Amino acid sequence: MMMMNAQPETPNYKQTLQLPETTFPMRAGATVREPEIQAFWEEHDVYKQVLAQRSIANKFVLHDGPPYLSSENIHIGTALNKILKDIVIRFKNLQGFYTPYVPGYDGHGLPIEAAVEKKIKGGRKAVSPLELREKCRAFAHGNLKGQETNFKRLGISGHWESPYLTIDGDFEARQIELFAEMVKKGYVYKGLKPVHWCPVSESAMAEAEIEYADVESHSIHVLFPLKNLEKAYGSPLSPEQATLLTDASILIWTTTPWTLPSNVALAVHPSFEYTVLQTEAFGKIVVATDRLEPIEKLLKQEKSPTKLGTLKGIDLAGLQANHPFTEGKKSVVLNALFVTLDAGTGIVHIAPGHGPDDFQAVQTLNREHLKHAPLPILSPIDGRGLFMAEPFVPEAVQGQFYEKANWVILDILKAQNALVHHYLFTHSYPHSWRAKTPVIFRATEQWFINVDAFRQTALSEIQGVEWIPERGQTRISTMVANRAEWCISRQRLWGVPIPAFYTPDGQTHLTPEITALVAQLFREETSDAWVKYPTPETLIPRLQAILPTWETLPARQKTGFSVQQLEVALAPLLAHPLDSLRKEEDVMDVWFDSGVTHTTVVEARKELLGDLPAELYLEGSDQHRGWFQSSLLTSVMLREKAPYKAVLTHGFVLDENGRKMSKSLGNVVDPNTVIKEYGADVLRLWVASVDFTNDVRIGKGALKQLADIYRKIRNTLRFLLGNLAGFTPATDALPYESLSSLDKYVLHRVALVSEKITQAFAAYEFHKFYQLVQNLCVVELSSLYFDIVKDILYCNAKTDTVRLGVQTVLYEVLLVLSRLIIPVMPHLAEDLWSHWPENQRPNFGFESPPVSILMAPWPEIPAQWKLAPTDAKAFEALLSLRETVNVALEDARSKDLIGSALEAAIIIQPLSADWDFLRAMQETELETLFLVSQVHLQQEADPKAVFGRYAVLAEQEVDGEYRVFAVQAAGKKCDRCWQYCETVGQFTDHPTICHRCHQAV
RNA sequence: GGGCUAUUAGCUCAGUUGGUUAGAGCGCACCCCUGAUAAGGGUGAGGUCCGGUGUUCGAGUCACCGAUGGCCCA
């Protein structure tokens, strides 16, 4: 009233409205705000507080697969992986699980060693092994810092102050202890295996150190005569086959004559057909039928050779040919699928000491058919590439460099009439990138894990694990069933040393007792100690120096070994002069490092992480061959159990066209760039938006859309908060029964969506969350409820019960929605919480509102929110009617007859009995629902006759169900609520407002 | 070359045991509002369901062949 006197002419009614009011900004300002929020979490140690709320008895441990420390920046695939893990962990935690997360890093291996080497002036020779290892260590630690910063910026929560690291001394120590345990259990053996070898540097080469260059090679076709037709295995030949093959020779093709002395087998494809030819110069020869044409040309006969008959590759398997020049040596015919018909004769010369395929084939043959008389892996070449004096090596070749030996072998073959054809040709051949000279495959002594010893246990353990998606089970089962022995030694520097000693009598010493001492050394000095004390003469005294303190060390407790036991174990070494001892120089495969984290990390931190198995491993699908498998195998060796209950895999990140990202294509999406432009929550929302069980895409367009959705969600929250200004839940909230049918319907929808979102998270179907939350904000809330309820919120009196009812709903929705988004968008949720007025903050079961919303429990929906199906249906019918009304209004709008819907009134004529309920409804309720000024229900045949005084602006009919007419609204526009009403002008004190507003003012 | 896998509107996803005219949100176009305002509302246009063949009264859905992309091997 006092205000009235001040402005009697044109009162500013806007000031009498309750417009939204909040400090929660519309724009995220993520670049600034997200780091602030992260600092807030750190300051209040929210991660630890949240963890402390839960009991380890109810654990859900996601064990982190360690990313490799080759770079200080992460790529988008790593971001996807870590965000997925964080979503899972946050959801499980909100649901009440104890969810500690210890991030890990993988730090040994060739890529780091090579990267470090590249940076050293003068190459690796310029530094000592110890210096190189120290540089590798420093490099890895530096990259760890960088990656950690990246991960934290993504909003990943976890034990950042104590991550695990495969290059930590403690880790390395535990790792060799486990290895010694496996040795003791008999799972480990030493054997030969071909590796890339550079005769110039006299060292093994990794795949990554190989480059290809053209080189001139020999192409030769060589005969292996079949002298007797007795098979080494398999079903014997039929009499017809025997006749056909009598005195025949098998023809092979090779480009490396020098590998012929090491031949032990010949490979044929089981399903190819082979023909026996009668030739003029070489008698009967066997070749693949599909290679006949080129072979006939080589023979240079005047007449085509006679074809005597054919037989299948599978029938040839088991035959034993004579070696072309080594007296008494057999060459067993085996079946292999890698045999092709692109070149050669369809029969492949097999020298398992000089080719990985060959090695594989012979290993398989030995395992399947020749267990009791396995074929040997012959490797007569020394480190310099010279032939050694082995009995199966012709004397003329011994001492020769392998390349030179080619010519000698050609002469021998000619002398034996075994050489059918020879010429020189140029082709691409592997070279050492360092020496720029050709490399060869050379079998060297390696450490192996005998997978056969526990393959069946591993396979049955796979059955007991939950694989998500299910196809992962097939994938890993096939791989484990078919995989070869695990070669775990590497001729490298940057890795965990294999802690073996050799005595001059040829004995290998690798015992748990000696290893316990080495492990203690590693704990004190890291595994760099293995090269810091480079010989047994220095190393063993260092180990002995541990003995006097042994009883006081934690290792004593753990291993149970007494000093006496250790001394006994050392005795066989000390029985020899120290300078006659040798120590192993090989290191372990990095897959072994990460493969034992179930024990070196999960078990080692039992108090924090609880008992094995871990609840979940979550990595890219490439890890079926990698980490999932190495972890399974080592765990089965150690305890005959899988280390995980469930394994979740995700696909790879591709560009927006579904192509692989590469620098050369210029389509790489960098997570840090995305964060700078949109913030971590938008990137996290991207992760939640895609079906990650397959490959996923990301690109500029996708991110723009994600940003739009993020803004929609943010604005929805902002509307909720803004319209709760002045609302005190404790005193103002109304009981459910007092709410309007629209209010109840919205709660019903929220209940359903919330339930589905919970299910989606539990099933790891995050894209469903994305779809659901988007639809909730856009459809149910923004365009339906908010749009309708705005009038009530703004125009009704502050304490009006209808208005309080709406605010009650807004408050409840805010409570639910703000928590549903936490797993995916924790920054947004926290930002909201920080702008949430004190008197409106719920306690969430605590004594007072928690400092962070991350500490809140997952929302639980009151059962009464869900409407009976009939009630929900009735309301949905009204909503479909609302759509028809909108079409009519749009029609009128397009004819330029109205602008705002409030300029119109709606006349509805129900035509079928389905709409009887409508006849009983309050017209004012419909006005609210349709956002028009008036609604009239009319049952007369011709509504136009009754409402003749109004011009019909538009009409719509839905198939005999009802008709809708849009007409000009009656009365004048109220200055305050903008609705048209016939009461406007009736009040002398407020001549420009309607009766409703008159009451409110 | 082998194993596993995917392909539905511009984008991200739905699509029950084969069954009317294949859905949603975003984006887009047009319009409205200017009291959620670097917001909000309405209406509408977008699909050779990767291609082919087959099974069937009927195929996005089942079978076979193929194309393209991806992972792991060779």
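Protein chains get the first letters and strands the later ones, always in sequence-line order, with residue 1 at the start of each. These numbers come from a predicted model, not from an experiment.
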Could you tell me how far [M] sits from [N] if I compare only their [atom1] atoms? Round to whole Å.
N	M	atom1	answer
A45(B)	C30(B)	C1'	10 Å
C72(B)	C57(B)	C1'	45 Å
U48(B)	A22(B)	P	12 Å
G23(B)	U61(B)	C1'	15 Å
A14(B)	G52(B)	P	25 Å
G25(B)	U7(B)	P	22 Å
A39(B)	A29(B)	P	16 Å
G60(B)	G54(B)	P	15 Å

Next on the checklist: Check for me whether the distance between the ring centres of F692(A) and H650(A) falls short of 6.0 Å.
Outcome noted: no
Classify the nucleic acid contact of [X] as base, sugar-phosphate or nothing, counting any heavy atom under 4.0 Å across all strands shown.
X	answer
G658(A)	sugar-phosphate
K660(A)	sugar-phosphate
D691(A)	sugar-phosphate
L17(A)	base
R27(A)	base
R976(A)	base
K712(A)	sugar-phosphate
D975(A)	base
G722(A)	nothing
F652(A)	sugar-phosphate

Checklist entry - Please, which pairs that meet salt bridge (charged side-chain N to carboxylate O under 4.0 Å, His left out) have at least one residue in residues 652-664 of chain A, sequence neighbours excluded? => result none
State, yes or no, whether a side-chain contact exists between [X] and [Y] at a heavy-atom distance under 4.5 Å.
X	Y	answer
I757(A)	V753(A)	yes
S933(A)	W978(A)	no
L902(A)	C977(A)	no
Y764(A)	L618(A)	no
Y785(A)	V813(A)	no
W486(A)	W591(A)	yes
L879(A)	Y745(A)	yes

Item to check | Residue met sooner reading RNA chain B from 5', once I898(A) and W978(A) are mapped to nucleotides | outcome: I898(A)
Next on the checklist: Quick check: on RNA chain B, is the nucleotide nearest C977(A) upstream (toward 5') of the one nearest R625(A), or the reverse? Name the residue that is more 5'.
Outcome noted: C977(A)
Item to check | Any residue meeting ring-ring contact (aromatic ring centres under 6.0 Å, His included) with H998(A), in chain and number order, not counting sequence neighbours | outcome: F987(A), H990(A)
Checklist entry - Can you list the stems that RNA chain B is part of, where a stem is at least 3 pairs in a row, each Watson-Crick or G-U, with both distances below 3.5 Å? => result B:1-7 with B:67-73, B:10-13 with B:23-26, B:28-32 with B:40-44, B:50-54 with B:62-66
Item to check | Sequence-distant partners of D787(A), salt bridge (charged side-chain N to carboxylate O under 4.0 Å, His left out), two or more places apart | outcome: K790(A)
Item to check | Residues in contact with RNA chain B, drawn from residues 470-484 of chain A - heavy-atom cutoff 4.0 Å | outcome: R471(A), R475(A), M479(A)
Next on the checklist: Here's a test for you: under side chain to side chain donor-acceptor pair (under 3.5 Å), which of Q623(A), R483(A), H624(A) qualifies with Q629(A)?
Outcome noted: R483(A)
Checklist entry - Can you find a side-chain donor-acceptor pair between Q463(A) and Q473(A) that sits under 3.5 Å? => result yes
Checklist entry - Taking 5' to 3' order, which nucleotide of RNA chain B is first and which is last to have an atom within less than 4.0 Å of a heavy atom in chain A? => result G3(B) to A74(B)
Next on the checklist: As a test of the definition: with a 90° window around 0 for syn, would you call G23(B) syn or anti?
Outcome noted: anti
